[in-house]
Amino acid sequence: MKKSDTNSNLYKIRHSLAHVLAQAVLEIRPDAKLGFGPPIDSGFYYDFDLTEPLSPEDLPKLEKRMRHIIKTGQVFEHEELEQTQMVQLLNKDNQSYKIEQAEDLAANNETLSLYRNGPFWDLCEGPHVETTRDIPKNCFALDTLAGAYWKGSEKNNMMQRVYGLAFETGDELKIYQEKRRLAMERDHRKLNTKHHYFSISEEVGKGLPLWLPNGTVIRDELEKLAKETEFLGGYKRVSTPHITREELFQTSGHLPYYEDSMFPPMEMDGERLFLKPMNCPHHHMIYKAEPRSYRDLPLRLAEYGTCYRYEQSGELAGLLRVRSMTMNDAHIYCTTEQAKAEFIKVMNLHTQYYKLFGLSDFWMRLSLAEENAGKFVDEPELWQKAEKLVTEAMDEVEIPYEAVRGEAAFYGPKIDFQVTNVVGREETASTNQLDLVMAKRFGLTYIASDNEEHTPIIIHRAPLGTHERFVAFLIEHYGGAFPTWLAPVQVRVIPVASAFNEYANSLNESLFGSFVRTEIDDSHDSFGKKIRSAAISKTPNLLIVGENEQADQTVTWQRYGTKERQTLDFGAFRNLLQEEILQRRDWRTVAQD
RNA sequence: GCUGGCAUAGCUCAACUGGUAGAGCAGCUGAUUUGUAAUCAGCAGGUUGUAGGUUCAAGUCCUAUUGCCAGCUCCA
């Protein structure tokens, strides 16, 4: 929850519940050491260091104890203490983490305060409800157990975190739980079991998805979209190898700054080769392959490039986090004067794509470097210049964003498009980066009109991100019901009885011959069953044909998810469909406009 | 990678405190020929993730291992 909400009733309820939870845990695990226990967007959590871990079966027990504590109406009392007194008190309870926290707070000259309720007390700045009776009866539920590092650093101890859901009323809690349940239904991994987009097999390796025919259709359609758009945007297409000699990644700085995320090298003939984690070094080499003049700029090199990154095993998740990925990558080499305009063009391209998919639930993050983090190329002046350029461009297009330190690429600031997946986890869907560092490292130059050598500015951009993540998002965004142009199967022809199979088949073949992805349901199932199967398949267009249609050479057209249908001439249907596909229209969002 | 949990047929799930695996859907075969969400009947499908161990007996208990899930850390 935001700091600004601290005085809201909801904040107090959640914060107080965290204390009640800690009290309940201490009842069953008296030696528990307390960590942090803040309110969060959906409720609260509390971290504990336990000698004997809690198991999911403990949650109902804890919940029962919490309800009991609430009923006794414990009063929350506030008290401020000097550091020595506070540490003494904490020491008596053997709360070593809290002592560390108290010392940190004191070092920052913050007031040390505690809250007591009943037998429990906690180092805490509040605020809380007056008494535990102010916590509505059924407004909370313990949710899950998880691990969490003390102070969020993997160098520290792993503690056990208990998550709880909490709202102002029981009804709000129920609504939240139902919403979450519905969201789970859209999980791309869940929809995948039904619609077969991809497969991750143990034999091939984790994080290395196999794209099945249905998923490949979506990939190919996205690629087609990107190629057409980039062609019109003046990009040139290139293609580069998946493995590369060590030296290139030394030059690029990937080995010093990014090696943790790279697969270990292959050794051959006395040299070391790496799988590429990004496409940029290769594009830079293409830039370098011939002398460049200012007349060549902006030079826009585009590639759907496949990269490999050694993500930690616990981070892999379906298609959202993988180890082999194909990026909608391009690098724009331009002069300083051109940079802002090029950056703006790229931002507009993002907007254009997001509008096409009807994606509106995202926020933009300006990811900046952090000093002395060791993760960023050490060129303070260039960073400053790049940040200024990006900020100005963003202000000019008037797109709101939030700046976050420490999230930049190692070679420059980024504008990331942040989206949340169905489970509520935030991910970067697209990215745009301004890079003043690489051109220098690679010795990229162009001859300007002054007949002198200059260094170009580079813009890295991936508005469609990677196929893996973007397709995962689209599956969840559309809930598996894709618009016609993206749908693995665009049309299903359904004869009402086998007597019309022949007519249905002629339509099917005719559409197929026009490059429409079509199939026919000539099974022996009842008509009702065929309609049901078609609905479950989420095929966007159904063509129903029977005696009437056959006699008139017409089709009855029904959209997925609707009851309305229209009967029209087959040729007319085909024209409408082809136009819709060509224009990549989603009739559902078009209707809303 | 770390903490916790889970693993039974293609999918969703069953099998009491250990007694030798069962259903629905999907699939296949046959009958049915149907105008908007499940026609009927039959058949087939599993060394219970893998490897050890305890036991007269293991899906069930123990150990290891692999994979998956949630979270932390990390990121397109």
Side-chain angles (χ1 to χ4, degrees), chain A residues 45 47-50 53-58 143-163 184 187 189-190 192-194 196 200-203 205-206 258 260-261 277-279 307 309-323 325-329 367 375 407 409 414 416-419 423-431 433 460 462-470 472-473 494-501 523-536 542 544-549 556 558 562-565 567:
Chain A
Y45 69 75
D47 290 341
F48 306 96
D49 188 1
L50 303 163
L54 294 168
S55 80
E57 295 92 73
D58 293 318
D143 194 25
T144 53
L145 289 171
Y149 295 108
W150 167 239
K151 287 184 178 173
S153 167
E154 58 187 331
K155 293 186 190 98
N156 293 336
N157 263 355
M158 175 66 71
M159 307 182 81
Q160 202 173 20
R161 178 172 294 178
V162 182
Y163 278 98
M184 303 285 202
D187 189 313
R189 291 165 299 191
K190 185 154 189 181
N192 188 49
T193 61
K194 205 87 201 155
H196 313 292
I200 298 180
S201 81
E202 213 173 312
E203 290 90 332
K206 43 186 178 182
Y258 204 76
D260 285 353
S261 300
M278 296 184 193
N279 304 301
C307 299
R309 297 183 186 173
Y310 192 82
E311 301 290 344
Q312 296 184 65
S313 60
E315 287 153 8
L316 303 172
L319 283 183
L320 277 175
R321 287 296 289 280
V322 292
R323 285 176 171 169
M325 69 211 81
T326 301
M327 301 174 65
N328 169 227
D329 215 352
S367 302
K375 299 193 290 183
E407 297 290 332
K414 307 191 282 182
D416 294 321
F417 283 61
Q418 299 298 110
V419 282
V423 193
R425 187 162 43 207
E426 184 180 319
E427 303 271 9
T428 302
S430 325
T431 183
Q433 305 160 2
H460 306 236
L464 298 177
T466 62
H467 276 324
E468 287 70 18
R469 187 171 289 176
F470 212 83
F473 269 116
I494 302 178
V496 301
S498 57
F500 314 106
N501 279 2
S523 66
H524 293 177
D525 290 336
S526 66
F527 180 65
K529 181 63 180 292
K530 288 182 185 181
I531 291 294
R532 182 181 150 81
S533 313
I536 288 169
L542 306 187
I544 291 112
V545 295
E547 198 173 345
N548 305 334
E549 288 81 0
T556 292
Q558 185 172 348
T562 70
K563 295 275 177 216
E564 298 93 64
R565 37 191 177 267
T567 301

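Below, chains carry the letters A, B, ... as their sequence lines are ordered, and counting in each starts from 1.
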What protein N or O atoms touch nucleotides 11-13 of chain B N or O atoms at under 3.5 angstrom, if any, and at what distances?
none

Contact summary for [X] and [Y], nearest pair of heavy atoms:
X	Y	answer
A:K530	A:D525	CE-O, 3.6 Å
A:F470	A:S430	CE1-OG, 4.3 Å
A:P56	A:L145	N-CD1, 3.6 Å
A:L54	A:L50	CG-CD1, 3.6 Å
A:C307	A:P277	CB-O, 3.5 Å

Sorted by chain and number, sequence neighbours left out, salt bridge (charged side-chain N to carboxylate O under 4.0 Å, His left out) with A:D143 holds for A:R180

Once salt bridge (charged side-chain N to carboxylate O under 4.0 Å, His left out) is applied, do any residues pair with A:D416, and if so which ones, sequence neighbours excluded?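 Residues passing salt bridge (charged side-chain N to carboxylate O under 4.0 Å, His left out) with A:D416: A:R365, A:K414.
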
Roughly, in whole Å, what's the span from [atom1] in [X] to [atom2] in [N]?
X	N	atom1	atom2	result
A:I494	B:rU34	CD1	P	16 Å
A:D49	B:rG4	CG	C1'	14 Å
A:L50	B:rG5	CG	P	12 Å
A:H196	B:rA26	NE2	P	13 Å
A:D143	B:rG5	CG	C1'	14 Å
A:E547	B:rG35	CD	P	11 Å

What would the secondary structure line of RNA chain B be in dot-bracket form, counting Watson-Crick and G-U wobble pairs under 3.5 Å, with [ ] for pairs that cross earlier ones and | for pairs with another strand? (((((((..((((.....[..)))).(((((.......))))).....(((((..]....))))))))))))....

Encode nucleotides 36-43 of chain B as B, S and - characters from 5' to 3', where the letter depends on protein heavy atoms closer than 4.0 Å: B to the base, S only to sugar-phosphate, - to neither. BBBB----

B/S/- along nucleotides 70-76 of chain B (protein heavy atoms under 4.0 Å) is SBBBBBB

Taking ring-ring contact (aromatic ring centres under 6.0 Å, His included) as the definition, give me every residue that meets it alongside [X], ordered by chain and number, with sequence neighbours left out.
X	answer
A:F527	none
A:F48	A:Y46
A:Y163	A:Y45

Using a heavy-atom cut-off of under 4.0 Å over every strand shown, decide if A:K530 touches base, sugar-phosphate, or nothing. nothing

Test your reading of the model: is there a side-chain donor-acceptor pair from A:E468 to the backbone of A:A472, 3.5 Å cut-off?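 The answer is no, because no donor-acceptor pair under 3.5 Å joins these two groups.
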
[N] and [M]: how far apart are their [atom1] atoms, nearest whole angstrom?
N	M	atom1	answer
B:rC61	B:rG5	P	14 Å
B:rC72	B:rA37	C1'	44 Å
B:rA58	B:rA51	C1'	15 Å
B:rC13	B:rG46	C1'	15 Å
B:rC16	B:rG22	C1'	15 Å
B:rA26	B:rU39	P	9 Å
B:rG35	B:rA70	P	45 Å
B:rU36	B:rG42	C1'	29 Å

Sequence neighbours left out, what passes side-chain contact (heavy atoms from CB on, under 4.5 Å) with A:S313? Give chain and number order. A:K206, A:R323

List the residues meeting side-chain hydrogen bond (donor to acceptor under 3.5 Å, both in side chains) with A:S261, not counting sequence neighbours, and say none if there are none.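 Listed in chain order: nothing, the list is empty.
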
Applying side-chain hydrogen bond (donor to acceptor under 3.5 Å, both in side chains), name anything that partners A:Q418, two or more places apart in sequence or on another chain.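 side-chain hydrogen bond (donor to acceptor under 3.5 Å, both in side chains) list for A:Q418, sorted by chain: A:E426, A:T428.
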
Could you check whether A:T431 and A:Q433, counting side-chain N and O atoms only, form a donor-acceptor pair closer than 3.5 Å?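 Indeed, the side chains of A:Q433 and A:T431 share at least one donor-acceptor pair under 3.5 Å.
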
Starting at the 5' end of RNA chain B and moving along, which residue's nearest nucleotide shows up first, A:A499 or A:Y310?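 The answer here is A:Y310.
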
